[in-house]
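Everything on this sheet refers to the single structure shown next.
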Amino acid sequence: MAVILSITIMVFDHHHRQTSAVRSGLSVLIYPVQYLVHLPIRGSEWLVENLSSRSTLAEENKTLKAEILQLRVNQQTTLAVEQENLRLRALLDSAKKIEERVLAAELLRVDMDPYQHQVRINKGYSDGVFSNQAIIDAYGVVGQVTHANTISSDVMLITDPSHAIPVQINRSNLRTIAVGTGHVNRLYLPYLPNNTTVKIGDLLVTSGLGGIFPPGYPVGTITGIEQSPGQPFAKVLATPIAHLENTRELLLVWREDLEDPRDLEDFSPEDDIELSLPKLNLDMESLQNEGSK
Amino acid sequence: MMHPQSGRSKLKPIIATFVIALILSIIPLSEDLRFFRPDWVALCLIYWCIFLPNRIGVFSGWAVGLVTDEITGSLLGQHALAFSVIAFISIQLQHRTRHYPAWQQALNVLTLLILHRLLMHWILGITGFPPNTLLYMLPAIIGALIWPLFANVMTNVRQRYSIR
């Protein structure tokens, strides 16, 4: 009986995502347990922060001020570029840029299944979090929400083996897909042809295809290219830019152009791949044509 | 002569052991140590199934499994299925296992834990990307190794609260 019940639940959870009510209920039930684990660790971190010496604080203050200065300088040029971009867009009559809104969430300090790259955050459905919402940190893309529960949510990292993210190479605008490998700090780009123009050190940014991740956020840098003539595709590896291992604060991203962000709920990572594959094939065809010329 | 054992009052220590097992299974460990963490909840469940089969059984295993699924973020029903199966087998074997010496119990537990891991691996294989490393069986071996100690502690708890 229990076996049949479990199998039924698994099928529903895997295919239809209709178990969210059950999951939400359970998550509220286990939240105290999680908090019990989370609190002492957070507390000790807080203690360390508060007991740091005056000289360390002064030092930190100095570096932060320097950093702010640097960012201000960057900001000045960014504003000018943004204005220019708007003017050019107006000239081209193209769609207006999509605005994004972010909200900071804190990582719950609990371990989950070590074979799945997942983390849990302290914001949930009641904060407007929805399934498949994009998550970034101060450096780059972290992952997407898999289950939005009432007061907490599960986030799948981009390095999970079942995760794929549509990206483009910032230098050449070549679109492709980066899939997780199951190793922290490694992504795999399986669909780049052997004659690809990718170089080591190239920046990968989200392409915005697939509708889950907003375009333009950094994802990773290319760290390894292996071209073997016998294979149709090159073996390209990348390292995520986001600090996946030791990040504490994450940012949830909302796209303001959508009427209701929950419209996206029906998407799953698999749809994401299917949606972006046609584009990808196109790219590869054009590349191969170039190569044969 | 008082026999103060109306079920309810004695349920609390049992639930407490499960909660502690859940806490132990999510306490953050370093990246490498995480792979060595034994399945505390499975150990706890096997213990109660062997020594308290009229109170803890397949359905309790299923319920605990569901909570474990949520807390570890796995597919809902994955632990529930594996836990119901090992609860069923432990109850079938409880008359014998209970009187075995500790090391022989540990061997029994090893088999159960390996079965648990295999079931989980099988489900992961159906639904996505199973970890293709023998490291996946490590928690079962660690669990069997600590079983004598674990059973000792649990027996102390059981006698202290005179749970029968």
Side-chain angles (χ1 to χ4, degrees), chain A residues 1-15 17 19-20 22-34 36-38 40-41 107-120 146-147 149 152 154-156 160-163 179-182 184 245-246 269-270, chain B residues 18-37 39 57-85 87-88 117 119-121 123-124 126-133 135-136 138-139:
Chain A
M1 235 280 283
V3 169
I4 296 168
L5 210 56
S6 331
I7 293 176
T8 320
I9 289 182
M10 277 193 286
V11 168
F12 271 103
D13 197 35
H14 188 58
H15 289 291
R17 305 267 173 106
T19 43
S20 54
V22 183
R23 284 205 93 111
S24 285
L26 280 172
S27 78
V28 174
L29 192 73
I30 61 162
Y31 198 74
V33 177
Q34 286 180 339
L36 212 62
V37 174
H38 170 77
I41 295 166
L107 207 67
L108 284 178
R109 284 308 180 87
V110 293
D111 267 5
M112 299 172 82
D113 191 346
Y115 291 94
Q116 288 173 336
H117 289 214
Q118 277 191 339
V119 291
R120 191 159 278 167
T146 44
H147 294 283
N149 299 321
S152 64
D154 295 351
V155 175
M156 185 191 268
D160 188 282
S162 55
H163 192 270
V179 299
T181 55
V184 182
E245 263 178 290
N246 48 15
E270 286 86 355
Chain B
F18 276 117
V19 169
I20 292 169
L22 281 171
I23 288 176
L24 283 175
S25 57
I26 57 167
I27 278 186
L29 296 176
S30 78
E31 201 60 37
D32 304 321
L33 276 178
R34 295 172 71 184
F35 296 97
F36 292 85
R37 188 204 305 269
D39 291 313
V58 174
F59 189 73
S60 331
W62 182 80
V64 170
L66 218 54
V67 176
T68 315
D69 280 327
E70 180 54 39
I71 211 163
T72 56
S74 51
L75 188 68
L76 209 60
Q78 185 177 329
H79 281 90
L81 173 70
F83 281 177
S84 340
V85 171
F88 178 75
R117 292 309 269 185
L119 279 168
M120 301 256 294
H121 193 271
I123 294 161
L124 281 178
I126 291 174
T127 54
F129 296 80
N132 54 353
T133 156
L135 220 61
Y136 196 68
L138 208 55

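Naming: A, B, ... by sequence-line order, numbering from 1 per chain. Here the structure is a predicted model, which is why all the values come from computation and not from measurement.
Contact record, A:Q116 with B:G73: OE1-O, 3.7 Å, taken as the closest heavy-atom pair.
How far CD1 of A:I30 is from CD1 of B:I23: 11.5 Å, rounded to the nearest 0.5 Å. Interatomic distance, A:H147 NE2 to B:L76 CG, rounded to the nearest 0.5 Å: 8.0 Å.
Of the two parts of A:N149, only the side chain, counted from C-beta on, holds a non-hydrogen atom closer than 4.5 Å to a non-hydrogen atom of chain B. For B:T133, the part lying under 4.5 angstrom from a heavy atom of chain A is the side chain only. Neither the backbone nor the side chain of B:F88 has a heavy atom closer than 4.5 Å to any heavy atom of chain A.
B:V67 is not listed as a side-chain neighbour of A:V33, based on a closest heavy-atom distance of 4.5 Å or more. In this structure, the side chains of B:P28 and A:V37 come closer than 4.5 Å at one or more pairs of heavy atoms. Side-chain atoms of A:Q118 and B:T72, non-hydrogen and from C-beta on, never get closer than 4.5 Å to each other.
Highest contact tally toward chain A, considering only B:L22, B:V19, B:L124, B:I123, is held by B:I123 [criterion: heavy-atom pairs under 4.5 Å].
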Check: Can A:L26 and B:D69 be said to form a side-chain contact (heavy atoms from CB on, under 4.5 Å), step by step?
Finding: CA-CA 9 Å; A:L26 280 172; B:D69 280 327; over 6 Å; no
